Amino acid sequence: MESPESRKNASNDGSEGPDKASTERLDFIRTIVAEDNRTGKWDSRVHTRFPPEPNGYLHIGHAKSICLNFGIAAEFGGKCNLRFDDTNPSKEEQEYVDSIIEDVRWLGWDWKDRLYFASDYFQQMHDYAVQLIKAGKAYVCDLTAEETRQYRGTLTRPGKDSPYRNRSVEENLDLFERMRKGEFPDGSRTLRAKIDMAHANLNMRDPVMYRILHESHHRTGDAWCIYPMYDWAHGIEDSIERITHSICTLEFENHRPLYDWFLDALGAYHPQQIEFARLNLTYTVMSKRKLLRLVQDKHVSGWDDPRMPTLCGLRRRGYSPAAIRNFCKVIGVNKFNSTVDIALLEHCLREDLNRTAPRVMAVLKPLKLIIDNYPEGQIEELDAINNPEDASAGTRKVPFGRKLYIEQEDFMEEPPKKFFRLAPGREVRLRYAYFVTCTDVVKDPAGNVVEIHCTYDPATRGGDAPDGRKVKSTLHWVSAARSLPAEVRLYDGLSTKENPEDTEEGQDFTANLNPESLQVITGCRVEPALADTKPLDRFQFERLGYFCTDPDTQTEGRLIFNRTVGLRDTWAKIQQSQK
RNA sequence: UGGGGAAUAGUGUAACGGCAGCACAAAUGACUCUGGAUCAUUUAGUCUAGGUUCGAAUCCUAGUUCCCCAGCCA
């Protein structure tokens with residue numbers, strides 16, 4: 001069976017990005033970029049960057065930022081760098097670097113040779129710091145963390161100057177050099193910018209530029225024991241890379257004056273910082289902290305648990321990169337907080353999978369169906385269409401026989417109104433096969449239906465009646481003899497609440513965890529075409545939903561499928577409204 | 001309580017002084033060898049109060065509500 005995986009990689013250089021530039025309805029960031037291009041502000045260059053800190057796994061919220069940055073570069077003929085903001089060795093690990101690279105690439109973006117690390121700029125940052133000290137705009141401060149906090153003042157009260165604020169340039173130079181050499185213990189001194197302790201913006205009250213941290217860095221090892229703070233480092237990183245538009249999330253709005261102050265003080269190349277609102281999704285927890293909690297407290301099996309909103313989780317769930325990219329496009333970008341309906345993500349998913357996923361038949365809860373007038377031992381290979389939305393996907397053979405399995409839900413002994421499927425005396429179509437009519441029902445002592453008997457009409461081979469008669473329903477099925485056993489894992493939202501934080505006093509989001517978010521179904525049967533499926537292959541199980549092959553299939557040597565998302569189910573809605 | 005942001009159908013977004021539009025969701029119908037897909041239709045909105053204007057979602061004034069900031073995190 002062919003993998004539905006699209007191998008087509010999108011490029012962010014030139015015009016062959018995944019999404020064609022659209023001239024209409026630009027969001028506010030693209031409006032700025034387009035205007036800058038028009039006026040030649042950056043010599044008509046467009047250069048963005050995606051700057052993750054390697055301290056966790058990427059999630060769907062990051063995808064919004066990734067698609068924004070890489071997307072803008074692609075649409076405007078610019079470039080986008082992948083840059084790790086690895087300025088805090090106590091939190092960062094190579095494992096995260098690797099996963100982030102894998103995830104951004106999987107999403108379909110390409111940074112060519114522009115993979116950068118903030119840690120590569122440590123020397124330059126240090127030299128810039130010396131420049132600021134010499135200019136009298138930075139000083140070494142001996143206040144403890146606690147004292148620094150007290151000196152900073154409050155939201156409504158100004159801070160007061162550090163007693164070390166007016167050290168001479170020579171003393172600052174000497175102290176900073178000794179900080180770098182490792183003469184002082186962690187936390188004993190900092191290098192701070194000399195700005196204004198009475199500034200209404202707390203970030204401007206002599207912010208810390210460097211802290212002492214005798215800690216080994218995942219890339220620079222023990223070369224440094226002073227590490228730059230975000231505000232000091234980030235603008236320099238952008239400046240060095242000649243970024244034009246430095247796009248970040250809303251909480252950095254308060255930091256923009258500082259971003260600008262540092263770059264102005266250095267007289268360095270100065271990109272424009274633009275802030276946008278991060279993504280929130282209904283029924284979904286999104287913060288790194290909470291996702292880490294889910295993993296550590298074993299509420300999920302790991303970062304790539306198919307219920308997780310991480311990119312590796314979504315990948316394992318069966319999401320396609322194209323679906324996520326399109327989602328990021330349709331949600332738009334703005335400056336106010338909003339929460340996107342998870343149904344929109346699922347819509348984008350179905351839209352893509354409907355076009356691309358090969359159809360196949362699988363029965364999750366098998367009910368034996370015996371065709372009494374079908375020859376014992378006979379097997380027919382019937383033609384089935386692989387994808388009605390894509391003629392080039394072709395057809396395949398599906399084995400048919402006297403004993404079949406159908407879905408338990410597709411039979412009711414006493415069908416209610418609007419139930420169109422099989423019932424005693426009723427005729428339905430078995431997809432791509434024959435019309436069958438239910439003649440008998442076999443029950444176990446407890447009264448459960450365990451087997452049903454039918455007769456078939458040989459004239460309806462392939463699924464069409466020569467006399468033109470209609471049936472109300474078409475059922476999926478598999479051959480009892482030739483189908484394969486499988487396990488299927490059904491997923492539901494991790495949270496039962498639209499807002500996972502909607503809790504009673506004293507509780508947190510874990511109180512809303514959905515105990516039924518994972519349902520494992522064993523004893524499923526799938527058609528033999530699935531015998532050679534590879535991890536992450538995506539399919540539509542006809543009438544059920546989209547599924548993908550779980551990687552456990554390979555390690556455990558048996559077929560295991562994840563339900564990516566169900567088909568739209570109008571019958572379920574009818575049932576709901578009948579209650 | 002200081003500073004910085006922001007408010008458009010249920011949700012997400014357009015309209016940049018000139019007919020409030022699109023998508024999702026919801027509902028109805030058509031079609032269908034997937035109760036899928038597709039197609040058509042419907043419901044539903046400018047935070048409030050004033051003002052400017054022939055005309056205001058858009059400009060002005062006042063208010064309301066929400067978000068962010070007191071890490072040697074990013």
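Here the structure is a predicted model, which means the values were calculated and not measured. We name chains A, B, ... by the order of the sequence lines, and we start the count at 1 in each one.
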Closest to side chain of A/Asn354, choosing from B/A37, B/U34, B/G2: B/A37

Closest listed nucleotide, where the reference is the side chain of A/Glu251 and the choices are B/G35, B/G4, B/A74: B/A74

Sugar-phosphate only, base, or nothing, as touched by A/Asp231 at under 4.0 Å among non-hydrogen atoms: nothing

SB check A/Arg219 A/Glu92 (cutoff 4.0 Å): no

Nearest-nucleotide pick for A/Glu389, side chain only, options being B/A37, B/C72, B/A26: B/A37

C1'-based separation of B/U13 from B/A9 [nearest Å]: 12 Å

Candidates B/C73, B/U34, B/C69 - which lies nearest the side chain of A/Arg211: B/C73

Nucleotide nearest A/Thr570 when distance is taken to its side chain, options B/C69, B/G36, B/C24: B/G36

Interatomic distance where CZ belongs to A/Phe336 and P belongs to B/G5 [whole Å]: 16 Å

CD (A/Glu409) with more than 12 external heavy atoms under 6.0 Å: no

Nearest listed nucleotide, side chain of A/Val340, among B/A37, B/C69, B/G12: B/G12

Counterpart base for B/U32, defined by Watson-Crick or G-U wobble contacts under 3.5 Å: none

Shortest side-chain distance from A/Glu253, nucleotide among B/G5, B/A74, B/G35: B/G5

Below 4.0 Å: OP1/OP2 of B/C24 and any side-chain N or O of A/His347: yes

Pairing nucleotide - B/A57, Watson-Crick or G-U, each distance under 3.5 Å: none

Nearest-angstrom distance from the residue atom CD of A/Glu346 to C1' of B/G36: 15 Å

Span that lies between the C1' atom of B/C19 and that of B/A15, in whole angstrom: 11 Å

Distance between C1' atoms of B/G71 and B/G12 (Å, rounded): 34 Å

Closest-nucleotide 5' rank along RNA chain B - winner of A/Glu53 and A/Ala200: A/Ala200

Sugar-phosphate, base or nothing in reach of A/Lys573, heavy atoms under 4.0 Å: sugar-phosphate

Sugar-phosphate only, base, or nothing, as touched by A/Ile574 at under 4.0 Å among non-hydrogen atoms: base

Minimum-distance nucleotide to A/Leu344 side chain [options: B/U34, B/A23, B/A25]: B/A23

Distance between P atoms of B/G10 and B/U1 (Å, rounded): 30 Å

Touch class at under 4.0 angstrom, heavy-atom based, for A/Asn337 against every strand present: sugar-phosphate

Touch class at under 4.0 angstrom, heavy-atom based, for A/Glu542 against every strand present: base

Base of B/G3 paired with side chain of A/Asn254 (donor-acceptor, under 3.5 Å): yes

Identity of whatever pairs with B/C16 - Watson-Crick or G-U, under 3.5 angstrom: none

Side-chain N or O of A/Asn334 closer than 4.0 Å to phosphate OP1/OP2 of B/A14: yes

A/Lys365 atom NZ, neighbour heavy-atom count above 12 within 6.0 Å: no

Ring centers of A/Phe28, A/Phe276 separated by less than 6.0 Å: no

For atom NZ of A/Lys470 and atom C1' of B/U32, their distance in whole Å: 9 Å

Between A/Trp232 and A/Phe262, ring centroids under 6.0 Å: yes

Separation between the C1' atoms of B/G50 and B/U64, rounded to whole Å: 14 Å

Closest nucleotide among B/G35, B/A74, B/A70 to the A/Arg149 side chain: B/A70

Touch class at under 4.0 angstrom, heavy-atom based, for A/Asp186 against every strand present: nothing

Sub-6.0 Å ring centroid separation between A/Tyr546 and A/Phe539: no

B/G45: pairing nucleotide in any strand, Watson-Crick or G-U under 3.5 angstrom: none

Nucleotide B/C72, atom P - distance to CH2 of A/Trp232 in whole Å: 17 Å

Ring center gap for A/His234 and A/Tyr230 short of 6.0 angstrom: yes

G-U wobble or Watson-Crick pairing nucleotide for B/U1 (cut-off 3.5 Å, both distances): none

Sugar-phosphate, base or nothing in reach of A/Pro207, heavy atoms under 4.0 Å: nothing

Sugar-phosphate, base or nothing in reach of A/Ser338, heavy atoms under 4.0 Å: sugar-phosphate

Pair A/Arg30 + A/Glu75: basic N to acidic O under 4.0 Å: yes

B/A23: pairing nucleotide in any strand, Watson-Crick or G-U under 3.5 angstrom: B/U11

Integer angstrom distance from the P of B/U46 to that of B/A7: 16 Å

Pair assignment for B/U65, Watson-Crick or G-U wobble, requiring both distances under 3.5 Å: B/A6

Rounded interatomic separation in angstrom, taking OH from A/Tyr210 and P from B/C73: 14 Å

Selected nucleotide, minimal atom distance to A/Arg152 side chain, candidates B/G71, B/C73, B/U34: B/G71

Gap in Å between the two P atoms, one belonging to B/A30 and one to B/C68, rounded: 50 Å

Sugar-phosphate, base or nothing in reach of A/Arg429, heavy atoms under 4.0 Å: base

Sugar-phosphate, base or nothing in reach of A/Thr339, heavy atoms under 4.0 Å: sugar-phosphate

Donor-acceptor pair between A/Thr144 and A/Glu146 side chains, under 3.5 angstrom: no

Sugar-phosphate, base or nothing in reach of A/Arg421, heavy atoms under 4.0 Å: base

Rounded interatomic separation in angstrom, taking CZ from A/Arg350 and C1' from B/A37: 12 Å

Touch class at under 4.0 angstrom, heavy-atom based, for A/Ile331 against every strand present: sugar-phosphate

Euclidean distance, atom NZ of residue A/Lys335 to atom C1' of B/A6 [Å, nearest integer]: 9 Å

Sugar-phosphate, base or nothing in reach of A/Thr87, heavy atoms under 4.0 Å: sugar-phosphate

Phosphate-side-chain proximity, A/Arg359 and B/U34, N/O vs OP1/OP2 below 4.0 Å: no

Sugar-phosphate, base or nothing in reach of A/Phe84, heavy atoms under 4.0 Å: nothing

Separation between the P atoms of B/A37 and B/A27, rounded to whole Å: 13 Å

Ring centres under 6.0 angstrom apart (A/Tyr434, A/Tyr456): yes

For atom CD1 of A/Ile32 and atom C1' of B/C16, their distance in whole Å: 14 Å

Phosphate-side-chain proximity, A/Arg568 and B/U34, N/O vs OP1/OP2 below 4.0 Å: no

Chi-angle category of B/G55 [syn within 90° of 0, anti beyond]: anti

